[in-house]
Amino acid sequence: SIDGYSPAAYRYIESRLSELSNEMLREIDKDTVDMTLTFDDTAFEPVVLPSRFPNLLVNGSEGIAVALATEIPPHNLKEVIDATIYRINHKNATIKDLMEIVPGPDFPTGGTIYKSDGLNSIYLTGRGRIEVAAKAEIVDAGPINQIIITEIPYKVVKIGIVYEIDKIRHSKAIDGILEVRDETDFDGIRIVVDIRKNAPADLILAYLMNKTSLRTSYSANMVAIVDGRPKTLNLLDFIDAYVNHQVEVVTRRSNFDLRKYKGRLHIVDGLITATININEVVEIIRSSKDKQDSKANLIKRFSFSNEQAEAIVMMPLYKLSHTDAQILENEKLELEKNILRLEEILADEQKLNKVLIKELKEISSKYGDDRKTIIEEKEYSMTQHGFARDMEFEEIKENYYILKYNEETLKKYPYKFELHVWYEILENSLIVNYKVVNKDIKQIMFGLGGHPAFKCEYTTGKYSIEFDKKEDNCIKVILKP
């Protein structure tokens with residue numbers, strides 16, 4: 001479970017398949033997949049399920065075997081189906097084309113995935129590592145502020161996050177945290193962190209993101225069994241393998257239905273002949289010794305097959321009336337139409353692909369939902385990446401400084417900006433003003449401890465902090481003893 005509780009033993013559990021799960025088994029009785037004996041040779045089981053949607057990508061998978069492991073993240077049903085349809089329609093599609101449709105995993109717990117080379121590597125090579133963060137917001141709750149966490153990283157134990165935050169509160173590693181509570185209910189995840197009103201909630205949230213499981217990593221290893229052999233697959237390989245599987249499923253299903261329709265058409269032709277010659281048929285049956293003799297006499301007189309003769313002698317006489325004869329004619333027309341349709345599907349790749357696309361769209365429309373996990377650029381933190389240590393420090397005038405990147409630093413970081421810092425001293429308070437110039441990134445979190453621009457040491461508990469956001473990207477930080 002999301003709180004880390006292991007499931008009960010199978011003897012205590014009963015469950016039934018969801019409606020979507022039934023799509024994995026749909027038409028398994030139509031010889032769509034190979035069957036093999038179970039472990040005790042008492043029954044047959046499918047080698048692989050028909051799976052009318054790309055379940056391996058949608059639900060993901062994890063497992064460990066001998067010298068082999070797999071970790072496939074879950075994805076959004078609609079996106080994966082759209083990518084599959086795109087691949088069917090575009091034989092020359094590339095991995096990057098499909099990545100435009102499937103931008104990344106979609107975890108059931110939501111959260112945020114940061115764009116990175118690791119994310120691209122998952123789909124380009126089948127292996128990669130991504131960073132996943134919780135969704136949190138700061139709200140004003142009257143006498144206090146609160147950090148509300150409503151989504152957490154995939155596979156992170158919720159109660160573990162609560163314990164980590166409470167441990168930080170108890171050790172006073174950072175001041176300002178009053179209480180942490182787990183208010184999760186049937187409406188969803190909700191972890192509440194109470195913050196003292198005058199405490200810097202932004203910095204506390206950034207600290208918790210760095211020091212707890214609110215931000216963690218996920219490693220993907222996209223190994224699957226293809227044609228009986230384990231293989232590391234990229235996104236294109238996954239979708240191609242699924243499309244090939246579905247082509248086989250639809251082909252086998254069409255052949256099964258075709259045999260069924262042709263068999264029924266053969267019977268209907270015999271019944272129609274019997275209705276045309278109803279009086280003679282009745283006389284032959286009446287004059288025969290038994291059922292087998294009736295069948296033999298009918299076959300001899302009308303050249304019926306054994307199956308046709310069997311159907312005629314087993315049918316009640318009223319079924320051979322004029323009214324039912326018309327029903328048989330209508331059924332014959334319908335059977336011929338279905339036979340023609342199936343033969344066209346088996347003979348024409350384009351028509352078979354249209355069947356695949358139509359059925360995939362039906363599943364997407366019925367079961368698809370919106371993406372839960374957001375994928376966005378990472379908001380870089382000054383304290384996290386140590387920007388100031390890699391910037392040239394230049395004093396323009398008294399108490400006014402500019403921090404700029406040098407050429408070597410520009411090679412290390414994918415962003416570029418200048419940080420203007422100036423000081424004011426009012427009574428017993430030191431006011432530090434920050435202004436970001438030529439900003440290329442969304443947000444800068446300005447850490448206080450260890451910042452070389454400060455002429456005083458900041459220690460937790462030594463100063464109280466007030467934030468005053470001003471216009472033109474300027475942030476005023478007031479330090480009071």
*Asks:* Taking the side chain from D348 and the backbone from E344, do they hold a donor-acceptor pair closer than 3.5 Å?
*Replies:*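 No: the side chain of D348 does not pair with the backbone of E344.
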*Asks:* Have T32 and R253 got a donor and an acceptor in their side chains that come within less than 3.5 Å?
*Replies:* no
*Asks:* Any luck finding a side-chain donor-acceptor pair between N297 and S294 under 3.5 Å?
*Replies:* no
*Asks:* Does R87 use its side chain to pair, donor to acceptor, with the backbone of K91 at less than 3.5 Å?
*Replies:* yes
*Asks:* Please determine whether side-chain contact (heavy atoms from CB on, under 4.5 Å) holds for the pair R264 and E334, giving the CA-CA distance in whole Å, both sets of side-chain angles, and the decisive distance to 0.1 Å.
*Replies:* CA-CA 11 Å; R264 179 57 185 170; E334 188 66 25; over 6 Å; no
*Asks:* Can you tell whether the side chains of D140 and K197 come within less than 4.0 Å, N to carboxylate O?
*Replies:* yes
*Asks:* Taking D237 for its side chain and L233 for its backbone only, find out whether a donor-acceptor pair lies under 3.5 Å.
*Replies:* no
*Asks:* Could I get the full list of salt bridge (charged side-chain N to carboxylate O under 4.0 Å, His left out) partners for E164, not counting sequence neighbours?
*Replies:*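 Expected list: none.
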*Asks:* Can you find a side-chain donor-acceptor pair between E100 and Y86 that sits under 3.5 Å?
*Replies:* no
*Asks:* Whether the side chain of D166 engages the backbone of V162 through a donor-acceptor N/O pair (distance < 3.5 Å, no angle test) should be reported.
*Replies:*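 A pair under 3.5 Å: no.
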*Asks:* Say whether, by atom type as modelled, one donor and one acceptor occur between the side chain of T70 and the main chain of V223 under 3.5 angstrom.
*Replies:*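 Side chain of T70 to backbone of V223, a donor-acceptor pair under 3.5 Å: yes, one is there.
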*Asks:* Looking only at atom types and distance, does a side-chain atom of S121 sit under 3.5 Å from a main-chain N or O of D117, one as donor and one as acceptor?
*Replies:* no
*Asks:* Taking only Lys NZ, Arg NE, NH1 and NH2, and the carboxylate oxygens of Asp or Glu, determine whether K115 and E376 approach each other closer than 4.0 Å.
*Replies:* no
*Asks:* Does D3 pair with K158 as a salt bridge, N-O distance under 4.0 Å?
*Replies:*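 Answer for the salt bridge query: yes.
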*Asks:* For the residue pair Y218 and E131, confirm or rule out a side-chain donor-acceptor distance under 3.5 Å.
*Replies:*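 There is no such pair (donor and acceptor under 3.5 Å, judged by atom type) between the side chains of Y218 and E131.
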*Asks:* Who pairs with F238 by ring pair (Phe, Tyr, Trp, His ring centres under 6.0 Å), at least two apart in sequence or on another chain?
*Replies:*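 Expected list: none.
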*Asks:* When you check the side-chain N and O atoms of S213 and T216, is any donor under 3.5 Å from an acceptor?
*Replies:* no
*Asks:* For the residue pair R127 and N221, confirm or rule out a side-chain donor-acceptor distance under 3.5 Å.
*Replies:*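 There is such a pair between these side chains.
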*Asks:* So among E362, E23, K78, which one has a side-chain hydrogen bond (donor to acceptor under 3.5 Å, both in side chains) with Y367?
*Replies:* E23
*Asks:* Might you work through the salt bridge (charged side-chain N to carboxylate O under 4.0 Å, His left out) test for R190 and D182, ending with a clear yes or no?
*Replies:* CA-CA 6 Å; R190 181 180 170 89; D182 183 5; over 6 Å; no
*Asks:* Does D34 come within less than 4.0 Å of R252, counting only side-chain N to carboxylate O?
*Replies:* yes
*Asks:* Show the nearest heavy-atom pair for residues P105 and L119, with the distance to one decimal.
*Replies:* CD-CD1, 3.8 Å
*Asks:* Verify the ring-centre separation between Y242 and F53: is it less than 6.0 angstrom?
*Replies:*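 No.
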*Asks:* Looking at T212 and L208, would you say the former's side chain and the latter's main chain have a donor-acceptor pair under 3.5 Å?
*Replies:*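 Pair found, side chain donor or acceptor close to backbone of L208.
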*Asks:* Among I101, L98, V102, find the one that has a side chain to side chain contact (heavy atoms under 4.5 Å, CB included) with D82.
*Replies:* I101
*Asks:* Taking the side chain from Q308 and the backbone from V268, do they hold a donor-acceptor pair closer than 3.5 Å?
*Replies:*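 Side chain of Q308 to backbone of V268, a donor-acceptor pair under 3.5 Å: no, none is there.
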*Asks:* Determine whether I144 and D194 satisfy the following criterion, side-chain contact (heavy atoms from CB on, under 4.5 Å), listing intermediate values before the conclusion.
*Replies:* CA-CA 7 Å; I144 60 172; D194 291 339; 3.6 Å; yes
*Asks:* Is a donor from one side chain sitting under 3.5 angstrom from an acceptor on the other, for H266 and S305?
*Replies:* yes
*Asks:* Crowded around N92 CG? As in, over 12 foreign heavy atoms under 6.0 Å?
*Replies:* no
*Asks:* Is the backbone of D290 close enough, under 3.5 Å, to the side chain of S288 for a donor and an acceptor to pair up by distance?
*Replies:* no
*Asks:* Less than 4.0 angstrom from a charged side-chain N to a carboxylate O is my criterion; do E179 and R169 meet it?
*Replies:*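 Judged by the 4.0 Å cut-off on N to carboxylate O distance, E179 and R169 do not form a salt bridge.
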*Asks:* Between T373 and F107, is there a donor-acceptor pair closer than 3.5 Å when you use the side chain of the first and the backbone of the second?
*Replies:* yes
*Asks:* Under a 4.0 Å N-O cut-off, is there an ion pair linking K262 with E343?
*Replies:* yes
*Asks:* When the ring centroid of Y123 is compared with that of H75, is the distance short of 6.0 Å?
*Replies:* yes
